[in-house]
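This report concerns only the one structure given below.
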Amino acid sequence: METKIDKTSEQLLCSRYIVLKKTSIIISIIAIVISITSIIIFISHKTVSSDELRDLPYISLSNYIIEMSLDDSPKTICAQLVNGDTSDIGEFFWLADSDKIDMICTGDIITIKPIKPGNTTIYCSHPKAEFEKAIYIIVKDNQE
């Protein structure tokens with residue numbers, strides 16, 4: 001078993017690769033996001049052949065954690081379908097069940113504006129990607 005660890009700002013990504021046979025591999029991705037108020041753990045499992053692993057489409061985002069104040073100007077986040085086609089940009093789906101932000105979604109781009117203090121999560125998915133990605137949003141009051 002091989003374990004790789006990459007640290008970026010407040011996010012810890014840990015990927016484990018377990019070889020079952022020469023042609024099969026299990027990918028286990030655990031992302032732990034730590035903030036002042038919560039710890040979020042995302043766990044996904046999928047069995048794929050080593051040939052499929054190279055070409056498996058997945059979502060990449062320009063930001064995964066955003067901290068904003070109520071008086072901040074809107075921020076834009078871009079999504080990309082790695083191993084996808086240029087025609088795939090219009091098929092991204094964005095979801096946030098929150099009254100903390102306003103969202104404007106246009107294909108692979110989302111613009112968010114803070115409207116109320118608190119924390120929320122935006123989920124990005126694509127029909128060709130096996131797993132959705134999450135963006136953790138922290139909206140602070142102007143006095144903080």
Side-chain angles (χ1 to χ4, degrees), residues 1-140:
M1 178 187 309
E2 179 184 338
T3 300
K4 293 182 179 179
I5 299 178
D6 299 314
K7 292 183 181 179
T8 57
S9 70
E10 296 172 317
Q11 188 173 29
L12 172 69
L13 297 175
C14 179
S15 301
R16 292 185 187 154
Y17 304 93
I18 304 169
V19 178
L20 300 176
K21 302 186 267 183
K22 284 186 178 179
T23 58
S24 295
I25 196 166
I26 292 179
I27 304 169
S28 177
I29 299 171
I30 303 171
I32 303 172
V33 180
I34 302 171
S35 75
I36 297 169
T37 57
S38 62
I39 297 176
I40 300 171
I41 301 175
F42 302 98
I43 302 175
S44 304
H45 296 283
K46 177 175 175 60
T47 303
V48 295
S49 71
S50 54
D51 291 335
E52 291 175 318
L53 185 60
R54 274 189 310 247
D55 303 323
L56 192 65
Y58 63 92
I59 299 168
S60 176
L61 300 171
S62 58
N63 295 73
Y64 292 92
I65 301 172
I66 296 177
E67 193 172 313
M68 303 177 79
S69 295
L70 288 174
D71 56 354
D72 284 352
S73 58
K75 292 196 179 182
T76 301
I77 302 162
C78 299
Q80 177 187 8
L81 186 66
V82 179
N83 296 327
D85 301 321
T86 54
S87 61
D88 293 329
I89 64 170
E91 297 181 48
F92 284 95
F93 180 73
W94 303 89
L95 175 68
D97 184 18
S98 175
D99 60 349
K100 311 287 187 252
I101 58 171
D102 276 336
M103 302 187 321
I104 299 173
C105 311
T106 309
D108 60 338
I109 297 172
I110 183 172
T111 302
I112 58 170
K113 180 176 181 0
I115 58 172
K116 194 177 191 180
N119 301 337
T120 190
T121 305
I122 300 172
Y123 298 95
C124 177
S125 62
H126 193 283
K128 290 185 179 178
E130 187 70 29
F131 306 107
E132 66 184 14
K133 290 285 180 120
I135 305 162
Y136 191 64
I137 310 294
I138 304 163
V139 179
K140 293 186 174 185

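Basis for what follows: all heavy atoms, side chains included, without hydrogens, waters or symmetry-related copies.
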> So how far is it from L70 CG to K100 NZ, rounded to the nearest 0.5 Å?
Replying inline: 11.0 Å
> Which value, rounded to the nearest 0.5 Å, describes the distance between I138 atom CD1 and I66 atom CD1?
Replying inline: 10.0 Å
> Say you draw a straight line from SG of C78 to CD1 of I89; how long is it, rounded to the nearest 0.5 Å?
Replying inline: 10.5 Å
>> Can a side-chain donor-acceptor contact be found between Y136 and N119 if the only test is distance below 3.5 angstrom?
In response: yes
>> Apply salt bridge (charged side-chain N to carboxylate O under 4.0 Å, His left out) to residues D102 and K113 and explain how you reach the verdict.
In response: CA-CA 5 Å; D102 276 336; K113 180 176 181 0; over 6 Å; no
> Shortest non-hydrogen contact from Y64 to A134?
Replying inline: CD2-O, 3.7 Å
> From I110 CD1 over to L95 CG, what is the distance, rounded to the nearest 0.5 angstrom?
Replying inline: 9.5 Å
>> I want to check something: taking the side chain as every heavy atom from C-beta on, are K133 and I135 in contact at a cut-off of under 4.5 Å?
In response: no
>> Any side-chain to backbone donor/acceptor pair from N83 onto L56? Under 3.5 Å, distance only.
In response: yes
> Would the number of heavy atoms belonging to other residues, nucleotides or ligands and lying under 6.0 Å from CD1 of I104 be above 12?
Replying inline: no
> Can you find a heavy atom in the side chain of I112 that is under 4.5 Å from one in the side chain of P74?
Replying inline: no
>> Tell me which pairs pass salt bridge (charged side-chain N to carboxylate O under 4.0 Å, His left out) where either residue lies in residues 79-88, with sequence neighbours left out.
In response: D85-K128, D88-K128
>> Please find the pair of heavy atoms, one from S69 and one from P114, that lie closest to each other, and give the distance.
In response: O-CG, 3.2 Å
>> Testing F131, W94, F92 one by one against H126 for a ring-ring contact (aromatic ring centres under 6.0 Å, His included), which residue passes?
In response: F92
>> Rounded at 0.5 Å granularity, tell me how far CG in D108 sits from CD1 in I77.
In response: 12.0 Å
> Crowded around D97 CG? As in, over 12 foreign heavy atoms under 6.0 Å?
Replying inline: no
>> Please check this pair: side chain of S125 against backbone of E132, looking for a donor-acceptor N/O pair closer than 3.5 Å.
In response: no
>> Is there a side-chain contact between I122 and I137 in this structure, where contact means two heavy atoms from C-beta onward sitting under 4.5 Å apart?
In response: yes
>> Walk me through whether I109 and T76 qualify under side-chain contact (heavy atoms from CB on, under 4.5 Å).
In response: CA-CA 7 Å; I109 297 172; T76 301; 3.3 Å; yes
> Looking at side-chain heavy atoms only, is the closest gap between K75 and N63 below 4.5 Å?
Replying inline: no
> If you take all heavy atoms of A96 and M103, which pair is closest and at what distance?
Replying inline: CB-SD, 3.6 Å
